[in-house]
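Beneath this line is the structure, given in structure tokens, with notes to follow.
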Amino acid sequence: MPPPHDAPSAAELVTAVREFLEHDVLPGLEGRTRFHALVAMNTLAIVEREIRLGAGQAAEHDARLKDLGYQDDAALAAAIRAGDLDARHAELKSALAAAVRDKLLVSNPAYLDE
């Protein structure tokens, strides 16, 4: 953990809370409260994955945008709407598929198994 923060890291804290809910709280719950605990656990799992993967994914996304010749998502979207990338269909499809894959790796990796 780099200064100025000490251990545990934010990722470790989130994991500890999620595991506490999963192992100590959830077994004693039922109904609406159990459902909300499951939602909270899922939310914490998403945060864990974003902390772990986010910086690398952001760098890769920026590189894909740069390779396509755009500075940000808004400029890319405008170019797509204008048809500026019609001749680069395969390259665009690959970049967009990678972006969607990265989003799913954070939000719900189970969708990638289907």
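Sequential numbering from 1 along the given sequence is applied to the chain's residues. Just so you know, these numbers come straight off a predicted model, no measurement behind them.
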Are any non-hydrogen side-chain atoms of L112 and R101 less than 4.5 angstrom apart? yes
Do the side chains of Q71 and L65 get nearer than 4.5 Å, heavy atoms only? no
Over 12 non-hydrogen atoms of neighbours within 6.0 angstrom of NE2 in H23: yes
Are L38 and I46 connected in a single hydrophobic cluster, I mean Ile/Leu/Val/Met/Phe/Trp/Tyr linked by side-chain heavy atoms less than 4.5 Å apart? no
What I'd like to find out is whether the side chain of I51 reaches to under 4.5 Å of the side chain of V47, using heavy atoms alone. yes
Would you give the length of the straight line joining atom CD of E48 to atom OG1 of T15, rounded to the nearest 0.5 angstrom? 3.5 Å
Neighbour count >12 (heavy atoms, 6.0 Å) for atom CD, E50: no
Where A79 and Y70 come nearest, the two heavy atoms and their spacing: CB-OH, 3.2 Å
Verify same cluster id: F35, V25 (apolar side-chain graph, 4.5 Å): no
Could you check if a side-chain atom of D102 sits within less than 4.5 angstrom of a side-chain atom of H61, using non-hydrogen atoms only? no
Closest approach of P109 and L105, non-hydrogen atoms and distance? CG-O, 3.4 Å
Straight-line distance of T43 OG1 to R18 CZ, nearest 0.5 Å: 12.0 Å
To the nearest 0.5 Å, what is the distance between CD1 (I80) and CG (L92)? 4.5 Å
Using the rule that Ile, Leu, Val, Met, Phe, Trp and Tyr join whenever any side-chain heavy atoms are under 4.5 Å apart, tell me whether L29 and V17 fall into a single cluster. yes
Are the side chain of R52 and the backbone N or O of A11 linked by a donor-acceptor pair below 3.5 Å? no
Same cluster or not: L26 versus L44, using hydrophobic residues (I, L, V, M, F, W, Y) connected whenever any side-chain heavy atoms lie under 4.5 Å apart? yes
How long is the straight-line distance from CZ of R49 back to CG of L104, given to the nearest 0.5 Å? 10.5 Å
